[in-house]
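For reference, the structure is listed below as C-alpha coordinates.
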Amino acid sequence: MGETKRTYTGKELAGYLVGMFGQNLIYNIISTGLYFYFQNVICLPAMALGWIMTIARIWDAINDLMMGTIVDKTRSKWGKCRPYLLFAPALIGLITILTFINGNYATADSTSQKVLIVAWAGISYVLWGMSFTVCDIPLWGITSLITEDENDRSKLLGLARIAAGVGGIGVLVVQIAQAASEIFKSKGMDSSTASQYGFILTVVIMTVFSVILFEFAGISTREKVQSSEKRYTFKENFQIMFRNKPFRQIFISGVLRSPIQLLMIVAMTLVTYYYANGNIMNILKYNEDGSLAGIDFKILIGLGSVAAGLFVGQFVAMGITPALTKKFEKKNLYNFYSIAGAFPFCFIFVFYKLSGGDLTTTGWSIVIGICMLFASAAFGGINVLQSVMIADCIDYEEYTNGVRTDGVFFSGQSFITKLSAGLATIFSSAVYAYVGYSGANIDTLNRAIEDGASFITYDGGTGAGKYAAAMFFLISIPPAIGMLLSAIPTLKYALTDKEHARMLKELVSKRDGEAKDA
(Lines give C-alpha, C1' and ligand atoms only; values in the text may rest on other atoms or scores of the structure.)
Protein backbone atom coordinates (compact mmCIF):
# COMPACT_ATOMS: atom_id res chain seq x y z
CA MET A 1 0.00 0.00 0.00
CA GLY A 2 2.75 2.41 0.95
CA GLU A 3 5.21 1.38 -1.73
CA THR A 4 6.27 4.04 -4.22
CA LYS A 5 5.54 3.16 -7.83
CA ARG A 6 5.61 6.20 -10.07
CA THR A 7 9.11 7.31 -10.96
CA TYR A 8 11.25 8.29 -13.95
CA THR A 9 12.78 5.97 -16.53
CA GLY A 10 16.43 5.88 -17.52
CA LYS A 11 15.57 7.75 -20.73
CA GLU A 12 13.81 10.49 -18.76
CA LEU A 13 16.74 10.79 -16.38
CA ALA A 14 19.26 11.09 -19.22
CA GLY A 15 17.15 13.64 -21.11
CA TYR A 16 16.57 15.74 -18.01
CA LEU A 17 20.28 15.83 -17.17
CA VAL A 18 21.21 16.78 -20.74
CA GLY A 19 18.68 19.62 -20.53
CA MET A 20 20.03 20.72 -17.16
CA PHE A 21 23.55 20.79 -18.62
CA GLY A 22 22.38 22.91 -21.56
CA GLN A 23 20.50 25.33 -19.33
CA ASN A 24 23.53 25.86 -17.11
CA LEU A 25 25.81 26.42 -20.09
CA ILE A 26 23.59 29.39 -20.96
CA TYR A 27 23.46 30.51 -17.34
CA ASN A 28 27.24 30.57 -17.05
CA ILE A 29 27.67 32.32 -20.39
CA ILE A 30 25.70 35.16 -18.83
CA SER A 31 26.62 35.00 -15.14
CA THR A 32 30.37 34.87 -15.79
CA GLY A 33 30.87 35.74 -19.45
CA LEU A 34 28.54 38.73 -19.60
CA TYR A 35 29.85 40.15 -16.33
CA PHE A 36 33.41 39.89 -17.65
CA TYR A 37 32.30 41.38 -20.98
CA PHE A 38 30.54 44.33 -19.35
CA GLN A 39 33.40 44.99 -16.94
CA ASN A 40 36.55 44.27 -18.90
CA VAL A 41 35.65 44.46 -22.61
CA ILE A 42 33.12 47.28 -23.00
CA CYS A 43 34.30 48.82 -19.71
CA LEU A 44 31.07 49.89 -18.00
CA PRO A 45 31.60 52.00 -14.85
CA ALA A 46 31.75 49.79 -11.75
CA MET A 47 28.73 51.29 -9.98
CA ALA A 48 26.64 51.38 -13.16
CA LEU A 49 27.43 47.70 -13.67
CA GLY A 50 26.70 47.01 -10.02
CA TRP A 51 23.30 48.66 -10.09
CA ILE A 52 22.36 47.01 -13.39
CA MET A 53 23.18 43.55 -12.04
CA THR A 54 21.70 44.16 -8.61
CA ILE A 55 18.40 45.71 -9.69
CA ALA A 56 17.98 43.10 -12.43
CA ARG A 57 18.62 40.20 -10.08
CA ILE A 58 16.42 41.49 -7.27
CA TRP A 59 13.60 42.06 -9.78
CA ASP A 60 14.37 38.63 -11.20
CA ALA A 61 14.09 37.12 -7.72
CA ILE A 62 10.63 38.65 -7.31
CA ASN A 63 9.78 37.55 -10.85
CA ASP A 64 10.70 33.99 -9.83
CA LEU A 65 7.92 33.97 -7.26
CA MET A 66 5.49 35.28 -9.88
CA MET A 67 6.61 32.58 -12.30
CA GLY A 68 6.20 29.96 -9.59
CA THR A 69 2.58 31.06 -9.23
CA ILE A 70 2.06 30.89 -13.00
CA VAL A 71 3.55 27.39 -13.15
CA ASP A 72 1.30 26.16 -10.36
CA LYS A 73 -1.74 27.54 -12.20
CA THR A 74 -0.74 25.92 -15.49
CA ARG A 75 -2.88 23.05 -16.75
CA SER A 76 -2.05 21.55 -20.14
CA LYS A 77 -1.83 18.23 -21.92
CA TRP A 78 1.93 18.32 -21.24
CA GLY A 79 1.53 19.06 -17.53
CA LYS A 80 2.37 22.24 -15.66
CA CYS A 81 6.16 22.41 -16.03
CA ARG A 82 6.86 20.76 -19.39
CA PRO A 83 5.20 23.38 -21.64
CA TYR A 84 7.79 25.96 -20.58
CA LEU A 85 10.65 23.52 -21.07
CA LEU A 86 9.43 22.76 -24.58
CA PHE A 87 8.80 26.25 -25.91
CA ALA A 88 10.94 28.81 -24.03
CA PRO A 89 14.62 27.76 -24.56
CA ALA A 90 14.81 29.30 -28.07
CA LEU A 91 13.67 32.68 -26.72
CA ILE A 92 16.31 32.54 -24.01
CA GLY A 93 18.95 31.80 -26.64
CA LEU A 94 17.98 34.79 -28.76
CA ILE A 95 18.07 37.23 -25.83
CA THR A 96 21.38 35.74 -24.62
CA ILE A 97 23.00 36.73 -27.92
CA LEU A 98 21.42 40.21 -27.91
CA THR A 99 22.92 41.05 -24.49
CA PHE A 100 26.38 41.01 -26.10
CA ILE A 101 25.44 43.29 -29.01
CA ASN A 102 26.53 46.62 -27.55
CA GLY A 103 29.03 49.45 -27.90
CA ASN A 104 32.21 50.15 -25.93
CA TYR A 105 31.74 52.65 -23.10
CA ALA A 106 35.43 53.52 -22.85
CA THR A 107 35.72 54.50 -26.51
CA ALA A 108 32.27 56.08 -26.99
CA ASP A 109 32.46 59.56 -28.55
CA SER A 110 29.66 61.27 -26.65
CA THR A 111 27.67 61.23 -23.42
CA SER A 112 24.54 60.16 -25.30
CA GLN A 113 26.35 57.15 -26.73
CA LYS A 114 27.53 56.18 -23.26
CA VAL A 115 23.99 56.50 -21.88
CA LEU A 116 22.67 54.28 -24.67
CA ILE A 117 25.36 51.66 -24.00
CA VAL A 118 24.52 51.54 -20.30
CA ALA A 119 20.77 51.57 -21.02
CA TRP A 120 20.95 48.65 -23.45
CA ALA A 121 23.15 46.71 -21.04
CA GLY A 122 20.49 47.15 -18.36
CA ILE A 123 17.44 46.48 -20.54
CA SER A 124 18.89 43.41 -22.26
CA TYR A 125 20.05 41.92 -18.97
CA VAL A 126 16.63 42.40 -17.34
CA LEU A 127 14.93 40.81 -20.37
CA TRP A 128 17.34 37.89 -20.22
CA GLY A 129 16.61 37.30 -16.55
CA MET A 130 12.85 37.34 -17.13
CA SER A 131 13.07 34.91 -20.04
CA PHE A 132 15.43 32.59 -18.16
CA THR A 133 13.01 32.42 -15.21
CA VAL A 134 10.31 31.08 -17.52
CA CYS A 135 12.33 27.86 -17.82
CA ASP A 136 14.36 27.82 -14.61
CA ILE A 137 11.42 27.35 -12.22
CA PRO A 138 9.83 24.54 -14.27
CA LEU A 139 13.21 22.83 -14.75
CA TRP A 140 13.70 22.43 -11.00
CA GLY A 141 10.01 22.13 -10.17
CA ILE A 142 9.52 19.11 -12.41
CA THR A 143 11.86 17.08 -10.19
CA SER A 144 9.08 16.68 -7.63
CA LEU A 145 6.56 15.73 -10.36
CA ILE A 146 8.38 12.93 -12.16
CA THR A 147 8.93 10.70 -9.12
CA GLU A 148 7.33 9.86 -5.78
CA ASP A 149 10.33 7.89 -4.53
CA GLU A 150 12.43 9.87 -2.04
CA ASN A 151 15.66 8.07 -2.92
CA ASP A 152 15.05 8.52 -6.64
CA ARG A 153 14.34 12.21 -6.12
CA SER A 154 17.45 12.67 -3.99
CA LYS A 155 19.46 10.87 -6.68
CA LEU A 156 17.88 13.02 -9.40
CA LEU A 157 18.60 16.29 -7.58
CA GLY A 158 22.15 15.20 -6.82
CA LEU A 159 22.77 14.30 -10.46
CA ALA A 160 21.03 17.51 -11.54
CA ARG A 161 23.44 19.54 -9.43
CA ILE A 162 26.36 17.65 -10.98
CA ALA A 163 24.99 18.30 -14.48
CA ALA A 164 24.54 21.95 -13.54
CA GLY A 165 28.10 21.97 -12.23
CA VAL A 166 29.43 20.45 -15.45
CA GLY A 167 27.51 23.19 -17.22
CA GLY A 168 29.87 25.48 -15.35
CA ILE A 169 32.31 24.95 -18.22
CA GLY A 170 30.27 27.75 -19.74
CA VAL A 171 32.56 30.09 -17.79
CA LEU A 172 35.22 29.18 -20.37
CA VAL A 173 33.35 31.50 -22.74
CA VAL A 174 35.84 34.14 -21.57
CA GLN A 175 38.92 32.15 -22.56
CA ILE A 176 37.38 30.88 -25.79
CA ALA A 177 36.35 34.42 -26.74
CA GLN A 178 39.86 35.71 -26.08
CA ALA A 179 41.24 33.00 -28.34
CA ALA A 180 38.62 33.83 -30.99
CA SER A 181 39.58 37.50 -30.84
CA GLU A 182 42.95 36.54 -32.36
CA ILE A 183 41.08 35.81 -35.61
CA PHE A 184 39.92 39.41 -35.77
CA LYS A 185 43.27 40.83 -34.65
CA SER A 186 44.86 39.01 -37.59
CA LYS A 187 42.50 40.96 -39.86
CA GLY A 188 43.90 44.26 -38.57
CA MET A 189 41.33 45.14 -35.91
CA ASP A 190 42.46 46.89 -32.74
CA SER A 191 42.45 44.81 -29.54
CA SER A 192 39.30 46.39 -28.10
CA THR A 193 37.16 45.76 -31.20
CA ALA A 194 38.65 42.31 -31.74
CA SER A 195 37.76 41.36 -28.16
CA GLN A 196 34.13 42.36 -28.74
CA TYR A 197 33.88 40.40 -31.99
CA GLY A 198 35.54 37.40 -30.36
CA PHE A 199 32.91 37.38 -27.63
CA ILE A 200 29.98 37.76 -30.04
CA LEU A 201 31.19 34.91 -32.29
CA THR A 202 31.80 32.63 -29.31
CA VAL A 203 28.48 33.41 -27.65
CA VAL A 204 26.47 32.74 -30.82
CA ILE A 205 28.03 29.30 -31.29
CA MET A 206 27.86 28.27 -27.63
CA THR A 207 24.30 29.53 -27.18
CA VAL A 208 22.88 27.67 -30.17
CA PHE A 209 24.51 24.47 -28.92
CA SER A 210 23.18 25.07 -25.41
CA VAL A 211 19.59 25.68 -26.55
CA ILE A 212 19.54 22.40 -28.48
CA LEU A 213 20.63 20.51 -25.35
CA PHE A 214 18.21 22.47 -23.14
CA GLU A 215 15.26 21.22 -25.21
CA PHE A 216 15.88 17.63 -24.10
CA ALA A 217 14.54 18.38 -20.61
CA GLY A 218 11.08 19.07 -22.00
CA ILE A 219 11.12 16.45 -24.75
CA SER A 220 12.20 13.53 -22.57
CA THR A 221 10.33 13.91 -19.27
CA ARG A 222 6.75 13.12 -18.18
CA GLU A 223 4.90 14.41 -15.11
CA LYS A 224 3.53 11.66 -12.84
CA VAL A 225 2.73 13.21 -9.44
CA GLN A 226 -0.66 14.88 -9.07
CA SER A 227 -0.42 18.49 -7.88
CA SER A 228 -2.90 20.43 -5.81
CA GLU A 229 -5.98 21.23 -7.89
CA LYS A 230 -6.69 24.47 -6.07
CA ARG A 231 -5.12 27.55 -7.61
CA TYR A 232 -3.63 30.29 -5.49
CA THR A 233 -2.89 33.96 -6.03
CA PHE A 234 0.64 35.37 -5.94
CA LYS A 235 0.01 36.73 -2.44
CA GLU A 236 -1.34 33.39 -1.20
CA ASN A 237 1.63 31.52 -2.68
CA PHE A 238 4.03 33.93 -1.03
CA GLN A 239 2.29 33.31 2.30
CA ILE A 240 2.32 29.53 1.78
CA MET A 241 6.06 29.55 1.14
CA PHE A 242 7.08 31.74 4.06
CA ARG A 243 4.79 30.20 6.66
CA ASN A 244 6.60 26.92 5.98
CA LYS A 245 9.10 26.93 8.83
CA PRO A 246 11.82 24.67 7.36
CA PHE A 247 11.77 26.62 4.10
CA ARG A 248 11.94 29.90 5.99
CA GLN A 249 15.06 28.68 7.78
CA ILE A 250 16.69 27.66 4.47
CA PHE A 251 15.79 31.02 2.95
CA ILE A 252 17.36 33.07 5.77
CA SER A 253 20.43 30.84 5.70
CA GLY A 254 20.80 31.34 1.93
CA VAL A 255 20.57 35.14 2.18
CA LEU A 256 23.18 35.22 4.96
CA ARG A 257 25.43 33.13 2.72
CA SER A 258 25.08 35.61 -0.19
CA PRO A 259 28.79 36.66 -0.15
CA ILE A 260 29.60 33.17 -1.49
CA GLN A 261 28.35 34.45 -4.84
CA LEU A 262 31.41 36.71 -4.97
CA LEU A 263 33.45 33.64 -5.85
CA MET A 264 31.57 33.22 -9.14
CA ILE A 265 31.35 36.96 -9.83
CA VAL A 266 35.03 37.74 -9.30
CA ALA A 267 36.85 34.47 -10.00
CA MET A 268 37.03 34.67 -13.80
CA THR A 269 38.36 38.23 -13.81
CA LEU A 270 40.84 37.36 -11.08
CA VAL A 271 42.10 34.21 -12.76
CA THR A 272 42.38 35.81 -16.21
CA TYR A 273 44.15 38.97 -15.07
CA TYR A 274 46.17 37.70 -12.11
CA TYR A 275 47.48 34.45 -13.58
CA ALA A 276 47.35 35.16 -17.35
CA ASN A 277 47.94 38.93 -17.19
CA GLY A 278 44.62 39.78 -18.83
CA ASN A 279 44.52 37.30 -21.72
CA ILE A 280 44.45 33.51 -21.71
CA MET A 281 46.48 33.56 -24.94
CA ASN A 282 49.50 34.65 -22.88
CA ILE A 283 49.83 30.98 -21.99
CA LEU A 284 51.54 30.61 -25.38
CA LYS A 285 55.11 31.86 -25.78
CA TYR A 286 56.43 33.07 -29.14
CA ASN A 287 59.87 33.56 -30.63
CA GLU A 288 60.99 36.92 -31.96
CA ASP A 289 60.10 35.82 -35.48
CA GLY A 290 56.50 35.10 -34.39
CA SER A 291 56.80 31.33 -34.36
CA LEU A 292 55.37 29.37 -31.44
CA ALA A 293 58.01 28.66 -28.80
CA GLY A 294 55.90 26.62 -26.38
CA ILE A 295 53.72 26.98 -23.31
CA ASP A 296 54.30 29.21 -20.29
CA PHE A 297 54.10 26.56 -17.56
CA LYS A 298 53.97 29.12 -14.78
CA ILE A 299 50.68 30.44 -16.16
CA LEU A 300 49.45 26.92 -16.93
CA ILE A 301 50.08 25.70 -13.37
CA GLY A 302 48.47 28.79 -11.86
CA LEU A 303 45.36 28.58 -14.02
CA GLY A 304 45.19 24.80 -13.75
CA SER A 305 45.48 24.72 -9.97
CA VAL A 306 42.76 27.30 -9.37
CA ALA A 307 40.44 25.90 -12.07
CA ALA A 308 40.90 22.33 -10.85
CA GLY A 309 40.19 23.43 -7.29
CA LEU A 310 37.03 25.29 -8.26
CA PHE A 311 35.54 22.55 -10.42
CA VAL A 312 36.82 19.32 -8.87
CA GLY A 313 35.80 20.34 -5.37
CA GLN A 314 32.23 21.07 -6.47
CA PHE A 315 31.89 17.90 -8.54
CA VAL A 316 33.22 15.61 -5.82
CA ALA A 317 30.96 17.16 -3.18
CA MET A 318 27.93 17.04 -5.47
CA GLY A 319 28.68 13.40 -6.27
CA ILE A 320 29.09 12.15 -2.71
CA THR A 321 26.53 14.31 -0.90
CA PRO A 322 23.45 12.28 -1.96
CA ALA A 323 25.16 9.15 -0.60
CA LEU A 324 26.11 10.96 2.61
CA THR A 325 22.46 11.91 3.20
CA LYS A 326 21.70 8.20 3.62
CA LYS A 327 24.14 8.00 6.54
CA PHE A 328 23.93 11.45 8.11
CA GLU A 329 21.12 13.87 8.92
CA LYS A 330 20.76 16.42 6.10
CA LYS A 331 20.68 19.30 8.58
CA ASN A 332 23.98 18.20 10.13
CA LEU A 333 25.67 17.89 6.74
CA TYR A 334 24.37 21.30 5.70
CA ASN A 335 25.73 22.96 8.84
CA PHE A 336 29.03 21.10 8.60
CA TYR A 337 29.58 22.34 5.04
CA SER A 338 28.70 25.89 6.13
CA ILE A 339 31.02 26.06 9.14
CA ALA A 340 33.94 24.00 7.79
CA GLY A 341 33.76 25.79 4.43
CA ALA A 342 34.48 29.16 6.02
CA PHE A 343 38.09 28.26 6.81
CA PRO A 344 39.51 27.61 3.30
CA PHE A 345 37.92 30.86 2.13
CA CYS A 346 39.62 32.76 4.94
CA PHE A 347 42.99 31.11 4.25
CA ILE A 348 42.97 32.39 0.66
CA PHE A 349 43.46 35.98 1.82
CA VAL A 350 45.86 34.96 4.59
CA PHE A 351 48.11 33.25 2.05
CA TYR A 352 47.81 36.20 -0.34
CA LYS A 353 49.24 38.44 2.40
CA LEU A 354 51.90 35.93 3.43
CA SER A 355 53.10 35.65 -0.19
CA GLY A 356 53.61 39.39 -0.43
CA GLY A 357 50.91 39.60 -3.09
CA ASP A 358 52.47 37.16 -5.55
CA LEU A 359 50.78 33.74 -5.59
CA THR A 360 51.90 32.83 -9.11
CA THR A 361 54.84 30.62 -8.11
CA THR A 362 54.24 26.89 -8.43
CA GLY A 363 54.12 26.32 -4.67
CA TRP A 364 51.67 29.12 -3.92
CA SER A 365 49.52 28.20 -6.94
CA ILE A 366 49.10 24.68 -5.57
CA VAL A 367 48.31 26.00 -2.07
CA ILE A 368 45.58 28.30 -3.43
CA GLY A 369 44.27 25.46 -5.60
CA ILE A 370 43.87 23.32 -2.47
CA CYS A 371 42.03 26.15 -0.69
CA MET A 372 39.74 26.49 -3.70
CA LEU A 373 39.18 22.72 -3.68
CA PHE A 374 37.82 22.65 -0.13
CA ALA A 375 35.97 25.97 -0.44
CA SER A 376 34.19 24.91 -3.63
CA ALA A 377 33.43 21.48 -2.13
CA ALA A 378 31.51 23.19 0.66
CA PHE A 379 29.72 25.32 -1.92
CA GLY A 380 28.80 22.29 -4.04
CA GLY A 381 27.59 20.23 -1.10
CA ILE A 382 25.36 23.04 0.14
CA ASN A 383 23.83 23.44 -3.32
CA VAL A 384 22.79 19.79 -3.42
CA LEU A 385 21.43 19.82 0.11
CA GLN A 386 19.50 23.04 -0.45
CA SER A 387 17.67 21.51 -3.43
CA VAL A 388 16.90 18.27 -1.59
CA MET A 389 15.75 20.09 1.55
CA ILE A 390 13.48 22.41 -0.45
CA ALA A 391 11.94 19.33 -2.11
CA ASP A 392 11.32 17.98 1.42
CA CYS A 393 9.63 21.29 2.30
CA ILE A 394 7.12 20.68 -0.52
CA ASP A 395 6.19 17.33 1.03
CA TYR A 396 6.00 19.01 4.43
CA GLU A 397 3.54 21.58 3.08
CA GLU A 398 1.38 18.95 1.39
CA TYR A 399 1.30 16.82 4.54
CA THR A 400 0.67 19.71 6.94
CA ASN A 401 -1.75 21.85 4.92
CA GLY A 402 -2.85 19.73 1.95
CA VAL A 403 -1.19 22.12 -0.51
CA ARG A 404 1.46 21.14 -3.05
CA THR A 405 2.83 24.15 -4.92
CA ASP A 406 6.02 22.76 -6.45
CA GLY A 407 6.69 25.74 -8.71
CA VAL A 408 6.46 28.26 -5.91
CA PHE A 409 8.87 26.43 -3.61
CA PHE A 410 11.46 25.90 -6.33
CA SER A 411 11.03 29.53 -7.33
CA GLY A 412 12.09 30.15 -3.73
CA GLN A 413 15.38 28.36 -4.47
CA SER A 414 15.97 30.61 -7.46
CA PHE A 415 14.87 33.60 -5.37
CA ILE A 416 17.60 32.81 -2.82
CA THR A 417 20.30 32.50 -5.50
CA LYS A 418 19.37 35.66 -7.37
CA LEU A 419 18.80 37.84 -4.33
CA SER A 420 22.16 36.67 -2.99
CA ALA A 421 23.86 37.36 -6.32
CA GLY A 422 22.34 40.85 -6.39
CA LEU A 423 23.61 41.67 -2.92
CA ALA A 424 27.05 40.27 -3.73
CA THR A 425 27.24 42.22 -7.00
CA ILE A 426 26.55 45.61 -5.49
CA PHE A 427 29.10 44.90 -2.77
CA SER A 428 31.79 43.92 -5.28
CA SER A 429 31.01 47.00 -7.40
CA ALA A 430 31.39 49.26 -4.38
CA VAL A 431 34.80 47.74 -3.65
CA TYR A 432 35.84 48.06 -7.31
CA ALA A 433 34.71 51.69 -7.41
CA TYR A 434 36.67 52.39 -4.21
CA VAL A 435 39.95 51.07 -5.67
CA GLY A 436 39.30 52.59 -9.12
CA TYR A 437 38.77 49.35 -11.06
CA SER A 438 36.08 50.91 -13.21
CA GLY A 439 35.20 52.26 -16.66
CA ALA A 440 38.00 53.93 -18.61
CA ASN A 441 40.53 52.86 -15.95
CA ILE A 442 40.08 49.27 -17.11
CA ASP A 443 40.62 50.27 -20.72
CA THR A 444 43.81 52.03 -19.59
CA LEU A 445 44.83 48.89 -17.70
CA ASN A 446 44.26 46.70 -20.78
CA ARG A 447 46.41 48.99 -22.91
CA ALA A 448 49.13 49.10 -20.25
CA ILE A 449 49.21 45.29 -20.12
CA GLU A 450 49.57 45.20 -23.92
CA ASP A 451 52.58 47.49 -23.50
CA GLY A 452 54.21 45.12 -21.01
CA ALA A 453 52.78 46.06 -17.58
CA SER A 454 52.00 43.35 -15.00
CA PHE A 455 48.55 43.21 -13.44
CA ILE A 456 50.01 41.95 -10.15
CA THR A 457 52.00 45.15 -9.60
CA TYR A 458 49.98 47.56 -11.76
CA ASP A 459 49.67 50.99 -10.15
CA GLY A 460 47.19 52.95 -12.25
CA GLY A 461 47.19 55.69 -9.65
CA THR A 462 45.51 53.50 -7.03
CA GLY A 463 48.52 51.95 -5.33
CA ALA A 464 50.65 49.01 -6.49
CA GLY A 465 48.68 45.79 -6.70
CA LYS A 466 45.49 47.26 -5.22
CA TYR A 467 43.28 45.80 -7.95
CA ALA A 468 44.57 42.29 -7.23
CA ALA A 469 44.29 42.79 -3.46
CA ALA A 470 40.66 43.88 -3.83
CA MET A 471 39.82 40.77 -5.84
CA PHE A 472 41.46 38.40 -3.37
CA PHE A 473 39.65 40.12 -0.52
CA LEU A 474 36.29 39.74 -2.29
CA ILE A 475 36.64 35.98 -2.85
CA SER A 476 37.82 35.23 0.69
CA ILE A 477 36.83 37.30 3.73
CA PRO A 478 33.15 38.12 2.91
CA PRO A 479 32.41 34.50 1.80
CA ALA A 480 34.03 33.16 4.98
CA ILE A 481 31.85 35.40 7.16
CA GLY A 482 28.74 34.53 5.14
CA MET A 483 29.34 30.78 5.47
CA LEU A 484 29.59 31.01 9.25
CA LEU A 485 26.47 33.15 9.55
CA SER A 486 24.46 30.84 7.29
CA ALA A 487 24.65 27.98 9.79
CA ILE A 488 22.80 29.94 12.49
CA PRO A 489 19.21 29.63 11.13
CA THR A 490 19.53 25.88 10.47
CA LEU A 491 21.15 24.79 13.74
CA LYS A 492 17.64 23.91 14.93
CA TYR A 493 16.16 22.93 11.59
CA ALA A 494 12.43 22.16 11.83
CA LEU A 495 12.22 19.01 9.68
CA THR A 496 14.23 15.91 10.63
CA ASP A 497 14.93 13.17 8.10
CA LYS A 498 12.99 10.66 10.20
CA GLU A 499 9.93 12.90 10.33
CA HIS A 500 10.10 13.58 6.60
CA ALA A 501 10.30 9.85 5.80
CA ARG A 502 7.17 9.24 7.91
CA MET A 503 5.29 12.08 6.19
CA LEU A 504 6.27 10.93 2.70
CA LYS A 505 5.20 7.35 3.42
CA GLU A 506 1.75 8.52 4.45
CA LEU A 507 1.47 10.84 1.44
CA VAL A 508 2.32 8.06 -1.01
CA SER A 509 -0.19 5.73 0.64
CA LYS A 510 -2.84 8.42 0.38
CA ARG A 511 -2.08 9.03 -3.32
CA ASP A 512 -2.22 5.29 -4.06
CA GLY A 513 -5.60 5.09 -2.36
CA GLU A 514 -6.93 8.04 -4.31
CA ALA A 515 -5.64 6.55 -7.56
CA LYS A 516 -7.46 3.25 -6.86
CA ASP A 517 -10.68 5.05 -5.96
CA ALA A 518 -10.49 7.00 -9.20
Side-chain angles (χ1 to χ4, degrees), residues 28-29 32-33 35-37 39-41 168-187 189-203 205-206 263-264 266-313 348 352 355 357-373 376 442-443 445-458 465 467-468 471-472 475:
N28 283 285
I29 288 171
T32 299
Y35 188 91
F36 186 95
Y37 181 77
Q39 181 184 57
N40 300 296
V41 178
I169 65 172
V171 303
L172 296 178
V173 64
V174 174
Q175 283 73 31
I176 297 171
Q178 288 184 331
S181 70
E182 297 297 317
I183 298 172
F184 299 101
K185 286 181 183 178
S186 67
K187 296 181 180 297
M189 290 186 183
D190 63 271
S191 295
S192 178
T193 305
S195 293
Q196 281 189 267
Y197 277 57
F199 261 93
I200 293 169
L201 174 64
T202 302
V203 167
I205 294 171
M206 289 183 66
L263 183 64
M264 307 312 295
V266 177
M268 192 52 64
T269 299
L270 174 62
V271 167
T272 303
Y273 276 85
Y274 188 82
Y275 286 100
N277 209 31
N279 192 328
I280 189 65
M281 297 306 293
N282 287 331
I283 200 170
L284 301 178
K285 294 192 296 186
Y286 293 90
N287 296 313
E288 291 184 4
D289 62 1
S291 61
L292 182 65
I295 295 175
D296 188 322
F297 285 98
K298 183 179 180 181
I299 294 177
L300 178 64
I301 293 171
L303 292 173
S305 297
V306 174
L310 280 171
F311 286 103
V312 173
I348 290 172
Y352 173 77
S355 71
D358 187 357
L359 293 166
T360 60
T361 63
T362 299
W364 280 121
S365 293
I366 293 172
V367 167
I368 294 303
I370 293 171
C371 288
M372 291 288 188
L373 179 76
S376 66
I442 299 177
D443 187 60
L445 165 67
N446 291 336
R447 296 178 188 281
I449 287 174
E450 284 186 28
D451 292 336
S454 169
F455 176 77
I456 295 175
T457 58
Y458 180 77
Y467 290 171
M471 292 180 190
F472 273 103
I475 67 165

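In this chain, residues are counted from 1 in sequence order. The analysis underlying the following values was restricted to heavy atoms, covering all of them including side chains, and did not include hydrogens, waters or symmetry mates.
Panel note: side chain Q175, backbone I280; no donor-acceptor pair is recorded below 3.5 Å. Under the 3.5 Å distance criterion, the side-chain polar atoms of S305 are left unmatched by any main-chain donor or acceptor of G302. Remark: the backbone N or O of A276 is paired with a side-chain donor or acceptor of N282 at under 3.5 angstrom.
Taking the six-membered ring where the residue is Trp, F199 and Y37 present tilted rings, their angle falling between 30° and 60°.
Proximity of the aromatic rings of Y273 and Y467 is defined here by a centroid distance below 6.0 angstrom, and this criterion is not met.
In terms of heavy atoms, V41 sits closest to Q196 at CG1-CG, 3.7 Å. Between Y274 and G357, the closest heavy-atom pair is OH-O, 2.7 Å. Taking every heavy atom of both residues into account, V171 and F311 meet most closely at CG2-CZ, 3.6 Å. Contact between S376 and G313 at its shortest, heavy atoms only, is OG-CA, 3.4 Å. Heavy-atom minimum distance, G278 versus Q178: O-NE2, 3.0 Å.
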Item checked: Residues L300, D296; criterion side chain to side chain contact (heavy atoms under 4.5 Å, CB included); working and verdict -> CA-CA 6 Å; L300 178 64; D296 188 322; over 6 Å; no
Checklist line | Residue pair F36, V173: steps toward the side chain to side chain contact (heavy atoms under 4.5 Å, CB included) verdict | finding: CA-CA 10 Å; F36 186 95; V173 64; over 6 Å; no
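Taking the charged nitrogens against the carboxylate oxygens, E450 and R447 have no contact shorter than 4.0 Å, which rules out a salt bridge.
The shortest distance between side-chain heavy atoms of F184 and L201 falls below 4.5 Å. The closest side-chain heavy-atom distance from I368 to M372 is below 4.5 Å. Within the 4.5 Å cutoff, side-chain heavy atoms of L310 are placed close to those of V306. A heavy-atom distance below 4.5 Å is not found between the side chains of Y275 and I301. Taking 4.5 Å as the limit, every side-chain heavy atom of I183 sits out of range of all side-chain heavy atoms of Y197.
For N446 and S191, the side-chain atoms include no donor-acceptor pair closer than 3.5 Å.
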